[in-house]
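This report refers to the structure that appears directly beneath it.
Lettering follows sequence order; numbering is per chain, from 1. What's counted below: heavy atoms across the whole structure, side chains too, no hydrogens, waters or symmetry copies.
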Amino acid sequence: MAREIAKAYEPQQIEPRWAEFWVKEALFKADPNAEKHGKVFSIVIPPPNVTGSLHIGHMLDHTEIDILTRWHRMRGYNTLYLPGMDHAGISTQRVVVRQLAEQGIDYRKLGREEFEKRVWQWKDESGGAILRQMRQIGESCDWSREKFTLSPELSRVVREVFVRLYEENLIYRGHYLTNWCPVCLTVLSDLEVLHEERQGHLWHIKYPVAGTQEFLVVATTRPETMLGDTAVAVHPEDERYEHLVGKKALLPLMNREIPIIADEMVDREFGTGAVKITPAHDPNDFEAGRRHHLQEIDIMTDDGHMNAAAGAYAGLERFEARKKIVEDLKAQGLLEKVSEHTHAIALCERSKTIVEPRASTQWFCKMKPLAEPAIAAVERGEIHIVPDNRREEYFNWMRNIRDWTLSRQLWWGHRIPAWYCQEHQHVTVARETPVKCSTCGSQNLTQDPDVLDTWFSSGLWPFSTLGWPEATPDYKTYYPTSLLITAYDILFFWVARMIMLGIHFTKQVPFRAVYLHSLVRTASGEKMSKSSGTGLDPVVLNQRYGTDAMRFCLASMAAPGTDIVLSDDRLAGARNFANKIWNAARFLFMNLDKFEQGGTTLEELAAPEVRAKAPYAFNGGVPLVDGWLFARLADTVALVNNALANYRFHEAAQGVYQFFWGDFCDWYIEWVKPELQNVDRERAAVAWKNLFAAFDAALRLLHPLMPFLTEELWHQLPQRPGTKSIALDTYPEPRPDWKNAAALEQFALVQEVTVALRNIRAEMTVDAKKKLAAEFSSADGKTRSVIESNCEGIVRLAMLSELKISAGHLPQAGGIVRSTSQFNVRIAHSAEVVDIAAEKLRLRKEIEGLEKAIASKEKQLGDATFRSRAPEKIVRGMEATLTEQKLELQKLRKRLDELDKAA
RNA sequence: GGGCGACUAGCUCAGUUGGUUAGAGCGCUCCCCUCACACGGGAGAGGUCAAAGGUUCAAGUCCUUUGUCGCCCACCA
């Protein structure tokens, strides 16, 4: 049975073949009876980029999610993804608006309905593109229009939730100061505003006091807002200004009389100690305005220009207006001075323009009543946040939570289910479009033009997608979900809100655990993000290195706590590992041909039931190397299971890497090579059976991390009729009969001896192909017998012609000796191929290190307090090591001595 | 202004509750194109764990201070 396998692993030939399968079969059809045994694993997937392209940062979520889902699936859990495919929000709207603008179309002229149609059209195209890309990189994702947040089903849920919150008085409409983005043309929630330190100016402006010759000097960073001033405030106990309180100031440029008031909020130390009050354009001033019943004058248009209230400055852009105002003030001699001033400015997260604080009427959600149960749930451990330190961040934010501005002045999103009657502006909030005003009965209603914040509907995701408020089978089985994985930067936007809304509406937590992973950065350290376009393209990386390599690389770097810096070197390393697996498989199948010529088939050697019974014995005992390999496998399985259970992906990756490459390839395969060709066909058959069993277990072990490669190779092994995928097979469990401490210890000795002999070889300047005679000695009979029975392998792997075993001393002269406390090995050779000076140097260095170690240990062991306080185990261990080290030191000194004498 | 994180080999990073000579990958040096694999094999070199102090029988690991870098939060005009 010849198998055509290319020399190097070529992911392009394999991955597209399997991608379709993942999506359709492997993960969504779990064991239907699993939930009866309480084995259910459901996971919430963060929504990918809505702007039409994938990026690597997003791939980390999906890699981790996919690893865990496959792992659970193989362990018999009923698994479910809750695919999050879309946010309804401003990013989407901006993309489409831009596209329309490029075609010369003003979206506002299109009208709302037509605009929505265009967005859907774009989403079908770009969403379909995402799907194709995701399949290309092997992501399992159920992408369908039905799952969009804006689908009719989910829209109904959003409306239901809004109405319920309104009825509970948790949603209210209010006139407040909000963050306004003049580019996005909408309000922003506090979370959507970034702060940045910038060098700015502090303008000191003289306001004449009415009826006097005096001036009151105020300091401001935003002079243009003075057009909307309705007061000047000073501290009530400030003697400098005491006499002015109650008088009027004359607002320059506008010639408007405004009151001079006293308010505690004023900091006497800052600036001049006098503050201009602009209630419509500053948060502090807004509060002050309320306290003193001041008029609010909004001086700006939506897009950041001065409006009619700005008098002569109407029509000017806000920063143009600032310039002009400063010039005019200067011309009138009212600008006292300008000083440098660094301050934090507020920027719109998306457009990076300076946010304008503006008083307006918006919908808000009261957060305190929602936050309290959400805090308690995490405190009680009903939701487990990993890593731990993020818990504190969560608590901090939740305890200082402020009301949430829900409404957005956009066209793309869930429309707010509120209607106003033309006559009295009464508000009617309803699940279905109302026919008359609930207050006055007017039939002249118009719906609120605004939509809800993206995160409002996203916050409902874990239950809205499962059929809530109906108690559907999905909802009953999968809710609360097991886990949410996402990057930590989204904790407040999404995670916290899911928790709050989930608990409020379902009386249950939405997920049992939240794993917050690191951010992926580019080699230059930039944070990869959707909106800034700094992400690497996973499809390109996929083509270059392969999906499995990319996944493995991400997993191996995903240690919690620190950010991931992705580099070509690292990816290449993972690619090399994939290739190593590929070539190990190639070896298995290629050499099998030789064996098969004798009439035995692959089916007989590697059938699933045959593999299940390994390790096989020969001549009444399992060969040492097989016992060792399966013991190592058992350890690795335990390590990987434990690592994945604790979201320690890097440990899992490192564990399988070490096992497959270090143990399986470097030692096991090399060791059993001759046995596979053994003329004793019974011996050969045992070797093959064990090899296939080990390989099969290794593939299953690797599968969650490298699904495509393992799938392909697994299909080359004989399988039971009807089996479809390795993903539906079982995950290796550490079987008790695999544990074998003796084999671990004995083979470690064999390895140590082999390495010591190779080391001597490498020190000698001899032809690499020349086989050398070597000697082994040990005072311990057991040690000698282990080496004796594994002599052949050592001779072969250390390139020897023979290995003599004895109990006596091995002289240094005429060769090189290596020794441990347990044994000595020696390769004899003529003096000219040995660099005596280098050997002496090496010996001295080793002696020095040992002396240091021995001294520190002797000191510690000589300390009575140490002996009385340290655990017995530690003391005993140290004593044993000390004895060994002393013996080694003795041997080293003797060798050095011999060399000195010879010279 | 508050809070958090990082600082370990030339580079990128591991190091779970403090415990016996601190690990990996890449890079580097030397030897090998040995019939699975040069995306490979073999053997090495390389670290006073950012600095100082403290707790302890014992500190990379816990505490304090300092330095450098990064992140998040915050209405001081």
When the distance from [atom1] of [X] to [atom2] of [N] is rounded to whole Å, what number comes out?
X: A:D569; N: B:rC11; atom1: CG; atom2: P; answer: 14 Å
X: A:N642; N: B:rG15; atom1: CG; atom2: P; answer: 14 Å
X: A:H201; N: B:rA77; atom1: NE2; atom2: C1'; answer: 16 Å

At a cut-off of 3.5 Å, list every protein nitrogen or oxygen paired with a nitrogen or oxygen from nucleotides 38-40 of chain B, distance to 0.1 Å.
unit_1	atom_1	unit_2	atom_2	d
B:rA38	OP1	A:K7	NZ	3.3
B:rC39	O4'	A:N576	OD1	3.0
B:rC39	O2'	A:N579	ND2	3.1
B:rC39	O2	A:R575	NE	3.1
B:rG40	OP1	A:N576	ND2	3.2
B:rG40	O3'	A:K580	NZ	3.1

Assign [X] to base, sugar-phosphate, or nothing according to its heavy-atom contacts below 4.0 angstrom with the strands shown.
X: A:V755; value: sugar-phosphate
X: A:N759; value: sugar-phosphate
X: A:K845; value: sugar-phosphate
X: A:N284; value: base
X: A:E670; value: base

All pairs passing salt bridge (Lys or Arg N to Asp or Glu O under 4.0 Å) where residues 546-559 of chain A contributes a residue, at least two apart: A:D66-A:R551

Opposite nucleotide pairing with [N], Watson-Crick or G-U, both atom distances under 3.5 Å:
N: B:rU12; result: B:rA24
N: B:rA43; result: B:rU29
N: B:rC62; result: B:rG54
N: B:rU68; result: B:rA6
N: B:rG18; result: none
N: B:rU34; result: none

Under 3.5 Å: donor-acceptor pair, side chain of A:N583, backbone of A:R586: no

Would you say [X] places a side-chain N or O within less than 4.0 Å of OP1 or OP2 belonging to [N]?
X: A:R222; N: B:rC75; answer: no
X: A:K769; N: B:rC31; answer: no
X: A:R402; N: B:rC75; answer: yes
X: A:R758; N: B:rA43; answer: yes
X: A:H281; N: B:rA77; answer: no

Contact nearer the 5' end of RNA chain B, comparing A:S556 with A:F492: A:S556

Electrostatic pair A:E848:A:R844 at N-O distance under 4.0 angstrom: no

Throw together a table of side-chain donor-acceptor distances under 3.5 angstrom for residues 645-653 of chain A, partners on residues two or more places apart or in other chains.
unit_1	atom_1	unit_2	atom_2	d
A:N646	ND2	A:N642	O	2.9
A:N646	ND2	A:N642	OD1	3.4
A:R648	NE	A:E651	OE2	2.8
A:R648	NH2	A:E651	OE2	3.2

Shortest side-chain distance from A:F587, nucleotide among B:rA24, B:rA77, B:rA36: B:rA36

A:Q13 vs A:E10, side chain to side chain donor-acceptor pair (under 3.5 Å): CA-CA, chis, key distance, verdict: CA-CA 6 Å; A:Q13 292 179 3; A:E10 284 172 39; 2.8 Å; yes

Aromatic ring pairing A:F589/A:F695, orientation class (parallel under 30°, perpendicular over 60°, tilted between): perpendicular

Parallel, tilted or perpendicular: rings of A:F664 and A:F660 (30°, 60°): tilted

Members of residues 760-768 of chain A that approach RNA chain B, where some heavy atom sits under 4.0 Å away: A:A762, A:A768

Minimal non-hydrogen separation, A:I385 against A:R391, with atom names: CB-CG, 3.8 Å

Contacts of A:F692 that satisfy ring-ring contact (aromatic ring centres under 6.0 Å, His included) - sequence neighbours left out: A:W688

Show the distances under 3.5 angstrom between N or O atoms of the protein and N or O atoms of nucleotides 17-21 of chain B.
unit_1	atom_1	unit_2	atom_2	d
B:rU20	O2	A:G877	O	3.0
B:rU20	O2	A:M878	N	3.4
B:rU20	O2	A:T881	OG1	2.5
B:rU20	N3	A:G877	O	3.4
B:rU21	OP1	A:K857	NZ	2.8
B:rU21	O4	A:Q885	NE2	3.0

A:F577 and its ring-ring contact (aromatic ring centres under 6.0 Å, His included) partner, picked from A:Y9, A:F659, A:Y545, A:F552: A:F552

